[in-house]
Amino acid sequence: MHQDSPTRAASRHVFVYGTLRRGQANDIMALQPAPAWVGRASVHGTLFDLGRYPGVVLGGTALVRGEVYEIAPALEEKLDEIEMICPQQRDEYFKRELSVAVALDNGLVRWLNCLCYVYNPAYLGRAPVIVSGDWVATERLRSLGSPRNRQP
């Protein structure tokens, strides 16, 4: 009978929607221990532009696009540090677990329980909504519009 290794058995899934996405400032694939790609996903919520990073408030009918990874407990600790959950214990973000439909690379969809770092609405102020629900697309457009990328 096959048994999972302790590391595999203790692993969890995380839904990332902002700077932790591939190619972004805190690219999760550059962190150790390395996560495993699972697939693309969306959650119901509103994505806010907080300047250098986004924040999601769950609920509603809009969709926030992101990615799902399988992570080891040691990487979860690092993510908690990035999101200032621990050791600082600030309340800008909260860690929640939610059920997410993940689009796998083979075309199938799999429901997984995922961690998600959710923004505290008390800190929103006048933060604009990212209507597309996609931080990566918004950052791409922002960089195309920056003066260094404009043609003379």
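- The shortest distance between side-chain heavy atoms of R142 and D49 falls below 4.5 Å.
- Hydrophobic clustering, with ILVMFWY side chains joined whenever heavy atoms are under 4.5 angstrom apart, keeps F94 apart from V14.
- The salt bridge (Lys or Arg N to Asp or Glu O under 4.0 Å) search around R65 returns none, not counting sequence neighbours.
- Under the 4.5 Å side-chain heavy-atom criterion for ILVMFWY residues, no single connected hydrophobic cluster contains both V136 and Y53.
- The list of side chain to side chain donor-acceptor pair (under 3.5 Å) pairs with a residue in residues 24-36, not counting sequence neighbours, reads T19-N26, Q24-W135.
- Pairing each heavy atom of L50 with each of A127, the nearest pair is CD2-CB, 3.6 Å.
- A heavy-atom distance below 4.5 Å is not found between the side chains of V118 and Y93.
- Cluster membership for V43 and L63, using ILVMFWY side-chain heavy atoms within less than 4.5 angstrom, is not shared.
- Annotation for P54 and G18: closest pair CG-CA, 3.5 Å, computed over non-hydrogen atoms.
- Listed by chain and number, the residues in a salt bridge (Lys or Arg N to Asp or Glu O under 4.0 Å) with E83 amount to none (sequence neighbours excluded).
- Summarising the geometry of P35 relative to L75, their closest heavy-atom pair is CB-CD2, 3.8 Å, with the distance given to 0.1 Å.
- In terms of the side chain to side chain contact (heavy atoms under 4.5 Å, CB included) criterion, residue partners of T46 (sequence neighbours excluded) are, by chain and number, F48, V129.
- T138 is linked by a side-chain hydrogen bond (donor to acceptor under 3.5 Å, both in side chains) to nothing, counting only residues two or more places apart in sequence or in another chain.
- Taken from CG in D134 to CZ in R21, the straight-line distance is 4.5 Å, to the nearest 0.5 Å.
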For a side-chain contact (heavy atoms from CB on, under 4.5 Å) check, start with the C-alpha distance between Y17 and E67, then their side-chain angles and the critical distance, and finish with the verdict. CA-CA 7 Å; Y17 56 85; E67 303 161 354; over 6 Å; no

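- Listed by first then second residue, pairs satisfying side chain to side chain donor-acceptor pair (under 3.5 Å) with a partner in residues 115-128 read D80-Y117, D91-Y123, E92-Y119, not counting sequence neighbours.
- Taking the side chain as every heavy atom from C-beta outward, H13 and V38 approach each other to under 4.5 Å.
- When all heavy atoms are compared, the tightest approach of A41 to V102 is CB-CA, 4.2 Å.
- Listed by first then second residue, pairs satisfying salt bridge (charged side-chain N to carboxylate O under 4.0 Å, His left out) with a partner in residues 35-46 number zero, not counting sequence neighbours.
- Counting heavy atoms from C-beta outward, L79 and L31 have side chains that approach closer than 4.5 Å.
- With sequence neighbours excluded, the residues forming a salt bridge (Lys or Arg N to Asp or Glu O under 4.0 Å) with E97 are R12, listed by chain and number.
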Under 3.5 Å donor-acceptor pairs involving side-chain atoms of residues 104-116, not counting sequence neighbours:
{"residue": "D105", "atom": "OD1", "partner": "W37", "partner atom": "NE1", "Å": "3.4"}
{"residue": "D105", "atom": "OD2", "partner": "W37", "partner atom": "NE1", "Å": "3.0"}
{"residue": "N106", "atom": "OD1", "partner": "L108", "partner atom": "N", "Å": "2.9"}

